[in-house]
Each structure stands twice: as structure tokens, then as C-alpha cells.
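A, B, ... follow the sequence lines: proteins, then strands. Residue 1 opens every chain.
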Amino acid sequence: MSEIRVRIAPSPTGYLHVGTAHTALYNWLFARKNGGKFILRIEDTDVERSTKEMVDVILDSLKWLGIDWDEGPYYQSERFNLYKEAAKKLEKEGFLYRCYCTKEEIEERKQKVIESGKAWKYDRHCLNLTEEQKAAYEREGRPYALRFKVPEGMTAFNDGLHGEIRRDNKEIEDFVVVRSNGYPTYNFAVVVDDSSMGITHVMRGEDHISNTPKQILLYKALNLKVPEFIHLPLILAEDKSKLSKRKGTVAVTDYRDMGYLPDAFVNFLALLGWSPSTDKEIFSREELINLFDIKHLSKRGAVFDHKKLLWINSEYIRSMDAEKLYDYVKPLWDKAGFDYSVFSHEDLLRLIDLIKERARLLTDFVDSASYFFKDVEEYDEKGVNKHFLNEYAEDNLKLLYEKLSEIDSFEPDVTENVYRKIVEETGMKAGKLIHPTRLALTGKTVGPSLFHLMEFVGKERTLARIEKALEFIRNRK
RNA sequence: GUCCCCAUCGUCUAGCGGUUAGGACACAGCUCUUUCAAGGCUGCGGCACGGGUUCGAUUCCCGUUGGGGACGCCA
């Protein structure tokens with residue numbers, strides 16, 4: 001059997017869409033599983049809308065996802081000769097004809113047909129031109145597009161997921177192959193490229209099913225080998241329609257910026273429309289590659305479930321070791337302007353271990369951990385009412401200040417011992433000491449184990465913050 | 001409107017003629033606990049409908065309904 005060659009062919013008219021990332025991933029897994037090649041091709045034949053910036057974003061997104069390519073990126077804009085040649089050949093052999101219709105002319109006729117309640121299909125106006133008319137148009141210097149003359153008959157293919165899909169050619173209009181500006185259209189460029197790149201399996205979204213017969217017609221006209229087609233179900237928005245910009249976040253870079261881990265994101269994407277038939281949910285890349293199999297693809301579109309993504313992400317964060325996490329977190333701390341020079345690297349790692357138990361997003365390492373690096377600016381309002389403005393908080397904090405001043409080590413068992421002793425001696429509930437302290441030290445009512453976080457806040461800052469809290473309480477009373 | 005695709009808990013899914021229809025997320029409750037998470041336990045909840053085929057259909061076939069996609073000189 002010959003080598004498997006697959007590709008992803010994003011269009012640089014926007015960011016890398018999660019749907020594109022999804023098909024990229026499946027193609028990549030398929031190639032890696034079977035020792036094939038994964039090729040990247042940039043489909044930039046739409047010169048009006050394609051930009052270099054988007055090419056960079058797409059490349060960055062793929063890299064972030066850890067989806068590496070073996071060949072490319074190829075740019076369609078650099079392969080015009082191939083298309084030109086193929087078009088010339090097709091025209092010479094009578095598969096194409098020149099269409100001089102303008103957009104407006106077509107639109108006008110289209111409207112009429114639709115108003116009369118019929119389905120529109122290009123009316124072959126230019127196929128039926130007389131020689132005189134053609135000559136007149138040429139003399140006029142009218143630009144023309146090249147259309148494919150769709151023959152009568154039936155076009156069928158065997159989809160790797162859906163089985164046989166057939167379509168009456170009557171349903172297919174004479175589609176444009178080369179635009180009047182000389183650029184090839186998608187359907188044409190794809191065929192030329194997939195063929196010349198030796199693509200054996202075309203795995204793409206099922207929104208391309210309707211393009212496939214057109215492409216097969218072109219393969220046949222060009223006398224080329226037709227690849228295998230596998231049409232993947234789409235990723236759906238909450239309302240089950242195709243996921244789009246309007247319906248939520250679709251750019252891969254946005255997920256990166258929101259604090260998702262690439263491995264978690266890939267894990268989530270992999271499970272959207274494919275299942276390894278096990279009870280497991282968390283898979284390493286290697287496992288995904290080993291388990292990936294077209295037989296276990298789903299045919300129905302899958303709703304992008306943000307809650308599950310979040311859960312998977314938190315699973316990854318919790319099980320990742322601190323050193324690795326540090327690489328992701330450090331830039332975020334820098335960006336937030338945190339001064340972490342008071343901590344040694346080892347301390348920072350232990351700090352990460354402490355925070356990661358409760359983190360769901362990488363941004364949580366900033367949002368719910370600022371008190372390790374910065375002074376407490378404000379207190380949670382509900383917490384103030386509950387833990388500060390009562391009959392015991394002030395006295396307890398005063399007492400704690402005193403007792404904590406007397407110890408030098410702020411290791412968890414030492415500080416905890418201070419609290420336990422007070423509890424023992426006074427018989428009060430530990431919570432009456434712990435909750436006010438937490439609020440004083442962090443400004444929050446939730447967070448890691450108090451004695452563990454206290455270790456990192458340290459004696460000096462702990463005492464200062466208790467003092468500040470006492471002042472706050474006095475002012476509020 | 002025409003053509004095409006799809007159909008198991010709210011969501012992602014396992015299932016490939018005989019199962020108490022399994023798991024995960026979410027949700028609810030309990031538990032653990034210095035808070036919040038995490039963890040543990042429990043609960044809620046599903047084969048769209050109607051015909052066949054068969055001793056027997058979630059599973060196979062047909063139809064209905066529902067959802068989605070494509071109908072560009074976008075990709």
C-alpha cells in the first residue's frame with residue numbers, strides 16, 4: 001500500500017477557526033497513526049480577502065496546538081502556473097467554455113427565476129452564444145470566466161464515513177473554474193493541488209459534501225486519480241447550527257488567550273466527533289495517535305461544550321507538574337506586573353502546586369493568586385459582613401497578631417499549631433480565627449488552605465495585613 | 001424552494017439483533033473539610049415517531065417528523 005498523504009488547507013481570510021483546527025487535528029492524527037504525511041497548504045486564491053497577517057496567525061495557532069506539518073506551507077498564490085496549465089488543457093479539450101456574463105446580469109436573471117418559484121442554476125447563457133456574439137464580446141474586450149460544462153449523468157463517490165453518496169449532474173450547475181481575473185476558484189485549485197501533492201485522503205468538513213461531485217468531475221476531466229473522501233461532521237454552536245463567529249468564540253488564538261492549555265484543547269477537540277470506545281476521557285497525544293481510527297468517527301455534528309472544555313483544562317492543570325506549568329504561568333505574571341522576586345524558584349513552584357488545585361484556567365494563576373504578589377486592596381463584601389463585622393473578629397485578629405509575632409517559622413504546621421492552641425485554650429471554633437485571617441490576608445473568602453498560603457505570604461506581610469484589617473474593621477464599626 | 005447529510009440522557013458519547021441501555025461533562029443532594037475547589041457516594045435524565053424484517057429490534061429496511069449543511073467569479 002502506498003503512503004498516506006493528507007492535508008489541511010486553511011484560508012487566510014480569518015483566524016484559525018476551531019472547526020478548521022478540528023479537521024486539522026483529525027488529519028494529523030490519521031497521518032501520525034498510519035505513518036503518513038501531513039501537509040499544510042494555504043488557500044489564498046481569494047486575493048481580496050487573504051492577508052499575510054492571517055497566515056501568521058494560522059501558523060501560530062497550529063504550532064500552539066502542537067500540530068506539526070511534514071510539508072509546506074504551500075501557497076496557492078505561488079502555484080498559478082499549475083492552474084493555468086490545467087485550465088488550458090481543459091479548455092482545449094472542450095470541458096470549459098468562456099462565460100462573459102457579469103455579476104449583475106446573472107443576478108438579474110437569477111432573481112427572475114427565483115421569483116417564478118424555481119430553483120436557480122446557471123442558465124448556460126454563454127454556452128449557447130453564437131460565434132458572432134462571442135466575437136462581439138471579444139472585440140468589446142469583455143473579461144470572461146471559464147465555466148465547466150457539466151455533462152449529463154450521475155456522479156457518485158464512496159465516502160469513508162457516509163458510504164456511497166450520489167448526485168444527479170442535473171443538480172450541478174456549470175461552475176466557474178477560472179475567475180475573470182484569472183485566478184482559479186476553490187474547487188479547481190483544490191483538485192489540481194490535491195492531485196499534484198499526491199493527497200490520498202481528503203478529510204474535511206461535511207459542508208464540502210456538495211463540492212465533492214464537482215471536484216470529481218474535474219478529476220475525471222483531467223484524467224486524474226480521485227482520492228478517498230471522508231466528510232467529518234461539523235462542530236455546532238449551542239443552538240446546533242454551524243459554529244460561527246456570531247455564535248461564540250471560534251478563533252483558536254482566543255482559547256489560548258483565555259488560559260487553555262494546548263494539550264487540553266486538543267484532547268477536547270479529539271473527543272468531539274470521535275470516540276476511542278473506552279470510558280477514559282483524558283488522553284495524551286500519544287494515546288490519541290495510537291487510538292485514532294476512522295471507524296470510530298461519529299456522523300452527527302457535535303456541540304462545542306465549553307463546560308466540558310473547562311473541566312478537561314482543569315484536569316490538565318491539576319495533573320501537570322509545576323515546572324511545566326511555570327513556563328505557561330510566568331509570562332502571565334509578567335504581563336500582570338507581579339513582582340515575584342521575593343520568592344525563590346523553588347518557592348514559586350510550590351506556590352504553583354498550591355494554586356493549581358483550584359485553577360481551571362491558566363489565568364486563574366493571576367486572578368485568584370494576586371495576594372501572593374501584591375497587597376490586598378479590597379475585601380470581599382460578603383466576607384466583610386460575615387467575618388469582620390461581628391463581635392469576635394477584632395479581638396481574635398488582635399490576639400493572632402500577638403501570637404504570630406512570637407513565632408519565627410511560618411511553616412504550615414507551626415502556624416497551624418498557634419491556631420490550635422488558641423482553640424484549645426479558649427474553646428472557640430477554629431473558623432472564628434481562620435476566616436477572618438483568610439479575609440485579612442487575601443481579601444477573599446475562598447482559596448487554598450490558610451496555613452499553606454500563609455507560609456508564602458510570610459510573617460512580615462501577614463502581620464501587616466492583619467494590622468490593616470484591624471484598621472479597616474475599626475473604621476467600619 | 002432544490003439537493004445532500006444526520007438522529008441514544010441537557011451536552012459529548014459507548015452500543016454494532018437478546019444489555020437492569022454503560023461512561024463523562026453539567027445539574028441536585030450527601031460526605032470529607034478552616035473556606036472554595038478536588039475527591040468519594042447517591043440521584044435526575046435518553047434510544048424522535050410509524051410501519052415492516054425477525055422468535056426477538058436502540059441496533060437492519062422504508063416512510064414521517066425534526067435538526068443541520070450546500071446551493072458564490074468565498075473557501
* Whole-Å gap separating C1' (B/U35) and CG (A/L441) -> 13 Å

* If the P atom of B/G66 is compared with that of B/A48, how far apart are they to the nearest Å? -> 15 Å

* Write down the distance between CG (A/D305) and C1' (B/G10), rounded to a whole number of angstrom. => 9 Å

* When rounded to the nearest Å, what value does the distance between P atoms of B/G40 and B/U65 take? -> 47 Å

* **Nucleotide forming a Watson-Crick or wobble pair with B/G45, both distances under 3.5 Å** => none

* Structure fact -> 5'-most contact on RNA chain B (nearest-nucleotide basis), A/D207 vs A/G447, goes to A/G447

* Span that lies between the C1' atom of B/G18 and that of B/U54, in whole angstrom -> 12 Å

* Asked: Where each residue is assigned the nucleotide of RNA chain B containing its nearest heavy atom, which of A/E164 and A/N181 is assigned the position nearer the 5′ end?
  -> A/E164

* Donor-acceptor pair, side chain of A/K459 and main chain of A/I407, under 3.5 angstrom -> yes

* For A/D239 and A/S241, does a side-chain donor sit closer than 3.5 Å to a side-chain acceptor? -> yes

* C1' spacing across the pair B/C55 / B/C44, given as an integer number of angstrom -> 36 Å

* Base paired to B/U58 (Watson-Crick or G-U; both N/O distances under 3.5 angstrom) -> none

* Do any N or O atoms from the side chain of A/K121 and from the backbone of A/K170 form a donor-acceptor pair under 3.5 angstrom? -> yes

* Answer with base, sugar-phosphate or nothing: what part of the nucleic acid does A/N187 contact at a heavy-atom distance below 4.0 Å? => nothing

* Atom P, compared across B/U42 and B/C49: separation rounded to whole Å -> 30 Å

* Work out which heavy atom in A/K444 is nearest to a heavy atom in A/R438; give both atom names and the distance. => O-CG, 3.5 Å

* Rounded distance in Å between the P positions of B/C4 and B/G10 -> 31 Å

* Spacing of the P atoms in B/C12 and B/G51 (rounded, Å) -> 29 Å

